[in-house]
Amino acid sequence: MIIEAGLTRYEKVNEDIKKQLETRKKVTVKDVNGQRYIGCALDSGKTIEVYGTPGNDMACYLNGGKVVVYGNCQDAVGNTMNGGEIVVHGHSGDAMGYGMRDGQIYIRDNVACRGGIHMKEFRQMRPVLVIGKNAGSFLGEYMAGGTIVLLGLELRRGEKLFGTHCASGMHGGKIFVRGNFPKENLSDNIKVTNLDDDDKKELDLYVKKYCKYFDKDYDTIMSKSFKKLIPATARPYANLYTPN
């Protein structure tokens, strides 16, 4: 089933998607022009393919479904998602994966500011954000759990792997970074460590999946070493205002 979004208001587009998914497992939406909330709370077993540029909060509260975008995304994609998968054949705006609690997001290219902000995990719920190129400032801000993978593919001369204040306020989870990275942009509360065996096994799964989705070469990606960024303390602001 194909839905032509065009200049139709987002409410109508989402109504049409919801209606079609009542009897189908997959819907394709073409000519998307900034319509918001596409795939919001999409349940497991349902897939939406998006052609164009979806608006803010695409796949927010994703509940096990899958959203594939053939194009770029605006802000807050995967906001507070509970599970499922998002695959973007392009780049994304600010606050990608804001507060995500489970599921996986794969971005072929780059993410703007505050990617992975407030990511968190609980027991078996462990969110994953994989970024193919680089990220803007405040990557992993206030991160409380989960995993971010930053591959740094096809960076141009002068481009940095991540912007300023990386992992500011991070107090859980981990960030895998590939190759050279700007240590001066790391927050003071972050430690840089080598990967252990469990880290390598976990990373391997995500890289292979990334290569499968975007037709990239696994050996080329793994030819550079990775480092792990983790918080030095679970309470980075414990003494900011008063000792406690």
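Positions are given from 1 along the sequence.
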- Query: Would a distance-only check, ignoring hydrogens and angles, find a side-chain to backbone donor-acceptor pair under 3.5 Å from Asn63 to Ala41?
  - Reply: no

- Task: Give a yes or no answer on whether the side chain of Glu202 reaches the backbone of Lys200 with a donor-acceptor pair at less than 3.5 Å.
- Result: no

- Task: Determine whether more than 12 heavy atoms belonging to other residues, nucleotides or ligands lie under 6.0 Å from atom CZ of Phe181.
- Result: yes

- Any Ile105 side-chain heavy atom under 4.5 Å of Val128 side chain: no

- Query: Does the side chain of Thr53 reach to within under 4.5 Å of the side chain of Val32, using non-hydrogen atoms?
  - Reply: no

- Would you say Tyr106 and Lys209 make side-chain contact, with heavy atoms under 4.5 Å? yes

- Item | Backbone of Cys73 reached by a side-chain donor or acceptor of Ser92 within 3.5 Å | no

- Message: Is it the case that the side chain of Gln104 and the backbone of Gly84 share a donor-acceptor pair, with hydrogens and angles ignored and the cut-off at 3.5 Å?
- Response: no

- Query: Is a donor on one side and an acceptor on the other found under 3.5 Å between the side chain of Asp94 and the backbone of Cys113?
  - Reply: yes

- Pairwise side-chain contact, Ile48 with Ile17, heavy-atom cut-off 4.5 Å (strictly under): yes

- Message: Looking at His165 and Gly163, would you say the former's side chain and the latter's main chain have a donor-acceptor pair under 3.5 Å?
- Response: no

- Show your working on side chain to side chain donor-acceptor pair (under 3.5 Å) between Arg101 and Asn82 and close with a plain yes or no. CA-CA 5 Å; Arg101 297 178 284 197; Asn82 298 308; 2.6 Å; yes

- Item | Approximate separation, where rounding is to 0.5 Å, of Asp199 CG and Thr147 OG1 | 8.5 Å

- Message: What verdict does the ring-ring contact (aromatic ring centres under 6.0 Å, His included) test give for Phe214 and Tyr210, after you've listed the backbone C-alpha separation in whole Å, the side-chain angles of each residue and the deciding distance to 0.1 Å?
- Response: CA-CA 6 Å; Phe214 304 119; Tyr210 178 90; 4.8 Å; yes

- Ignoring hydrogens and angles, tell me if any N or O in the side chain of Arg178 forms a donor-acceptor pair with the backbone of Ile221 under 3.5 Å. yes

- Item | Nearest heavy atoms of Cys166 and Leu229, plus distance in Å | SG-CD1, 4.3 Å

- Task: Give a yes or no on whether the backbone of Gly146 and the side-chain of Glu121 come within a donor-acceptor separation of less than 3.5 Å.
- Result: yes

- Message: Assess the residue pair Tyr218 and Lys208 against the criterion (side-chain contact (heavy atoms from CB on, under 4.5 Å)); give the C-alpha distance rounded to whole Å, side-chain angles, the decisive distance to 0.1 Å, and a yes or no.
- Response: CA-CA 6 Å; Tyr218 170 83; Lys208 286 181 177 177; 3.7 Å; yes

- Quick one: does Asn79's side chain get under 4.5 Å of Leu62's, heavy atoms only? no

- Message: Side chains of Tyr37 and Cys60, heavy atoms from C-beta outward: is any pair under 4.5 Å?
- Response: yes

- Task: Provide the closest heavy-atom pair for Leu155 versus Lys160 in the form atom of the first, atom of the second, distance.
- Result: CD1-C, 4.4 Å

- Is it the case that Asn194 and Lys227 place a side-chain donor and acceptor less than 3.5 Å from each other? yes

- Message: If we ignore hydrogens and angles and just use 3.5 Å, is the side chain of Asn185 paired with the main-chain N or O of Phe162 as donor and acceptor?
- Response: yes

- Could you state the interatomic distance from CE (Met81) to CG (Asp102), rounded to the nearest 0.5 Å? 7.5 Å

- Item | Aromatic plane relationship, Tyr51 with Tyr70 - under 30° parallel, 30 to 60° tilted, over 60° perpendicular | parallel

- Item | ring-ring contact (aromatic ring centres under 6.0 Å, His included) between Phe176 and Phe226, intermediate numbers included | CA-CA 6 Å; Phe176 296 132; Phe226 284 80; 7.3 Å; no

- Task: Give the C-alpha distance, both sets of side-chain angles, the deciding distance and a yes or no for side-chain contact (heavy atoms from CB on, under 4.5 Å) between Asp16 and Lys19.
- Result: CA-CA 5 Å; Asp16 291 344; Lys19 183 177 181 180; 5.7 Å; no

- Message: Tell me whether His91 at atom NE2 has more than 12 heavy atoms from other residues, nucleotides or ligands lying less than 6.0 Å away.
- Response: no

- Message: Determine whether a donor-acceptor pair (N or O, by modelled atom type, separation under 3.5 Å) exists between the side chain of Gln74 and the backbone of Arg36.
- Response: no

